Amino acid sequence: MCGIVSYVGSMEAGPFLVETLENLAYRGYDSAGIAVVNSSGELVIEKAPGKLEELEKLLANNMPTGTMGVGHTRWATHGVPTYINAHPHMDCSGNIVVIQNGIIENYLPLKEKLIAEGHQFVSQTDTEVLAHLVEKHYQGDLKEAVKKALVEVQGSFALVFMHKDERYLVAARMNAPLIIGLGYGENYIASDIPALLSKTNKFYILNNGDIVKVAEDIIEVDTFVDGPPISASNRHISIVDWTVEETSKKGYQYYMLKEITEQPRVVHNTTKGRLSPKGDVKLDLAVTDEHLRRAKRIHLVACGTAYHACIYGKYILEEMLGLPVAADIASEFRYRKPVVHPRDLVVLVSQSGETADTLASLDTARELGATSLAITNVQGSSIARHSDSVLYTYAGPEIAVASTKAFIAQLTVLLLLGLYLSDIRGVSSKIDRKQLIKGLNRLPSDIDSLLARQEEFKGLADQILDDEHCYFLGRNLDEPIAREGALKLKEISYIHAEAYAAGELKHGTIALVEDGTPVVAIMTQESVIEKTLSNVQEVRARQARVFGLVCEGTQGIEEHCTSTIYLPRSHRMVMPIMATVPLQLLAYYAALGRGCDVDQPRNLAKSVTVE
Ligand code: F6R
């Protein structure tokens, strides 16, 4: 998604904007640009399609000087990635610029009206409409003009305006993330917290409907929707405990590998203070136990990788609690008519806490009167703030587009939630709790032992580098892990990968299996291993190459598989977490071997803030 950064203060804005755009590059983009009010009071805009290096080349001997500016990385929605369509966009007078992340849904009627009034457009973007609309309303006060303009605008957006004659920036948001970083005699605006960690750890996290005047020494918060303005002094300043060090690559070639190797610590941090060595679980939820005891059903809602965590959650929570649990894709949940009772618990799972469809599903849950619980990685994110209660996954900043450590942390938190709910509902006898706690406590060292075997997983990746298709099979708790393995592989290596519940393959897709097709079979669930082995036989009979993942000590597997990967044996609910690690590394080394940009796969964005 688009990245936004802006600065007002006393240092040179240009180099800071470019450096911070680098920090935002992980969100995914296809062009970039900056605008600075220079020392002569003129607006200077520089932009370039393609990677940030293109913009940097342009600026090498030509960096605009000036201490106030805006910068943007664009992930194209309306109009192809060209110089003209790159942000910042300007009005006809050349006095006003805007950068935006999101979609202006009614841009076409607005554009037609503005053209009829004499405005001249140069780009195909929805964003340019904003510059002309503010120009139309401008009467010497940028903030007032933006406020009037936004009344006419429909959509989801985060934006920043700058006028060459006014010494402040105007930021506003509606359903897209935007934060203000607080400095001394200088202030910053950005799409997300990690981008600004080298400058500050103090932030105002904007709410929907906020419009903010940001000068070097003053921040004024107002609203452009109905309702009383909230002054900045009444705003809670979020102090974030992430460090800039956590956002660096620490010598790794790619963030993804760094993040995979951080997983033992992530599991440790996520369970620390919540799971005692004796097995007591403490979650500090804002909703009362009484509320949680009354819940008759649980809905788990998310997108992408986080949705796979929800399917895992469905399996374990149903078993632990004996309650009906649904796992839903957020973009479907929000547009169907889900049957949600006021006594239900709706759990929103999101690394970023900003995914548009998951956020909208939270609204649906609230409208239906259900209790909402966020499982998210970003403190102060929209989903965290708007849910009745939050469980943080302490994964630290996740920069690689492909989610790895956040997924492992989500699975871990879902296990903790299951344990907690089973305790307060008095049903903890449904599972062998002691073994599960032991497995959780040992998980960091078990993951460490898998990380020590990277050469083995790289060897498997080398065997699929030239393949066009790959299938992943799993039953029961291994089924969501098969999905996650397939998603990781396809999104970063571009090998077409699909996952199937192992018993489902023969109902159609087996038609695609031929001599040499790689099939990854995840078989950590011993109660169904014989069944999955039958499905393995079916693909072997069609000359597939099978890579099997099993618990160490499992007998009789090697004769059915081309390669067998033995995982440290643990509790069956912990095994899927373990199985995820080799699949992440398989995807990583396959992408590396195929020369792909591992951290920024084509067409993808980190935080999906549009529908
Ligand atoms: C895939 C991936 C995405 C995200 C999805 C939801 O590797 O990262 O599928 O899981 O976009 O994002 P969050 O968790 O931020 O809501």
Side-chain angles (χ1 to χ4, degrees), residues 1 26-28 75 101 156 175-177 191-194 254-257 259-260 263 266 300-313 327-334 347-362 373-387 390-393 395-411 413-414 472 480-481 483-494 497 499 580 583-588 590-591 596-611:
M1 291 293 102
Y26 79 97
R27 296 167 63 88
W75 186 79
N101 168 25
S156 302
N175 294 328
S191 301
D192 61 33
I193 290 168
Y254 285 106
Y255 278 109
M256 184 178 175
L257 186 58
E259 289 165 5
I260 291 172
Q263 293 180 127
V266 165
L300 301 161
V301 187
C303 301
T305 288
Y307 168 64
H308 299 155
C310 291
I311 305 175
Y312 168 83
D328 260 288
I329 294 174
S331 54
E332 292 296 315
F333 183 84
R334 66 180 289 195
V347 183
L348 296 309
V349 184
S350 173
Q351 187 283 126
S352 61
E354 299 294 348
T355 300
D357 285 317
T358 313
L359 192 54
S361 298
L362 168 59
L373 168 65
I375 294 181
T376 182
N377 195 38
V378 181
Q379 294 168 38
S381 59
S382 300
I383 293 175
R385 280 178 298 136
H386 296 126
S387 296
V390 193
L391 269 176
Y392 284 110
T393 49
E398 191 178 66
I399 307 287
V401 164
S403 184
T404 53
K405 60 177 181 170
F407 179 66
I408 295 281
Q410 286 159 358
L411 302 184
V413 163
L414 284 162
F472 287 72
I481 305 308
R483 292 186 192 233
E484 178 57 10
L487 179 63
K488 277 306 78 103
L489 184 65
K490 77 179 118 184
E491 70 178 326
I492 60 168
S493 76
Y494 315 138
T580 302
L583 300 184
Q584 294 169 339
L585 289 164
L586 176 74
Y588 174 79
C596 302
D597 183 343
V598 173
D599 284 341
Q600 287 168 38
R602 68 184 177 212
N603 305 338
L604 291 178
K606 181 67 182 162
S607 173
V608 186
T609 52
V610 295
E611 281 192 49

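Here the structure is a predicted model, which means the values were calculated and not measured. Remember, it's 1-based here, ligands and their atoms both numbered in the order they're listed. Computation of the quantities below employed the complete heavy-atom set of this structure, encompassing side-chain atoms and omitting hydrogens, waters and symmetry-equivalent molecules.
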With heavy atoms of [X] as the reference, note each atom of ligand 1 found under 4.0 Å away.
X: G304; answer: 9 (O)
X: E491; answer: 1 (C), 7 (O)
X: A402; answer: 7 (O)
X: S352; answer: 13 (P), 15 (O), 16 (O)
X: Q351; answer: 13 (P), 14 (O), 15 (O), 16 (O)
X: A306; answer: 10 (O), 14 (O)
X: K488; answer: 1 (C), 7 (O)

Do [X] and [Y] have side chains that approach each other closer than 4.5 Å (heavy atoms only, starting at C-beta)?
X: L348; Y: S361; answer: yes
X: T376; Y: Y392; answer: yes
X: Y588; Y: V598; answer: yes

Hey, are [Y] and [X] close enough side-chain-wise for a donor-acceptor pair under 3.5 Å?
X: S382; Y: E354; value: yes
X: T404; Y: Q263; value: no
X: K488; Y: T305; value: yes

Could you list the residues that satisfy side chain to side chain donor-acceptor pair (under 3.5 Å) with T580, not counting sequence neighbours?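 With neighbours one apart ignored, the set is empty.
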Which atom names give the shortest non-hydrogen contact between Y494 and P601, and what distance separates them?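 Minimum heavy-atom separation between Y494 and P601: OH-CA, 3.4 Å.
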So is there a nitrogen or oxygen of T358 less than 3.5 Å from a nitrogen or oxygen in ligand 1?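 For ligand 1, there is no N or O atom that lies under 3.5 Å from one belonging to T358.
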Protein heavy atom at shortest distance from [atom]:
atom: atom 4 (C) of ligand 1; result: T305 N, 4.1 Å
atom: atom 12 (O) of ligand 1; result: T355 OG1, 3.4 Å
atom: atom 11 (O) of ligand 1; result: V608 CG2, 3.9 Å

At the 4.0 Å heavy-atom cut-off, does E354 count as touching ligand 1?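 The answer is no: ligand 1 sits nowhere under 4.0 Å from a heavy atom of E354.
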With a cutoff of 4.0 Å, is V401 in contact with ligand 1, counting heavy atoms of the residue only?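 Under 4.0 Å: yes for V401.
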Drop me the distance from Y312's OH to E484's CD, to the nearest 0.5 angstrom.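 It is 13.5 Å, given to the nearest 0.5 Å.
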Heavy-atom distance to atom 5 (C) of ligand 1: which of A302, C303, A356 wins?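 Nearest option to atom 5 (C) of ligand 1, by heavy atoms: C303.
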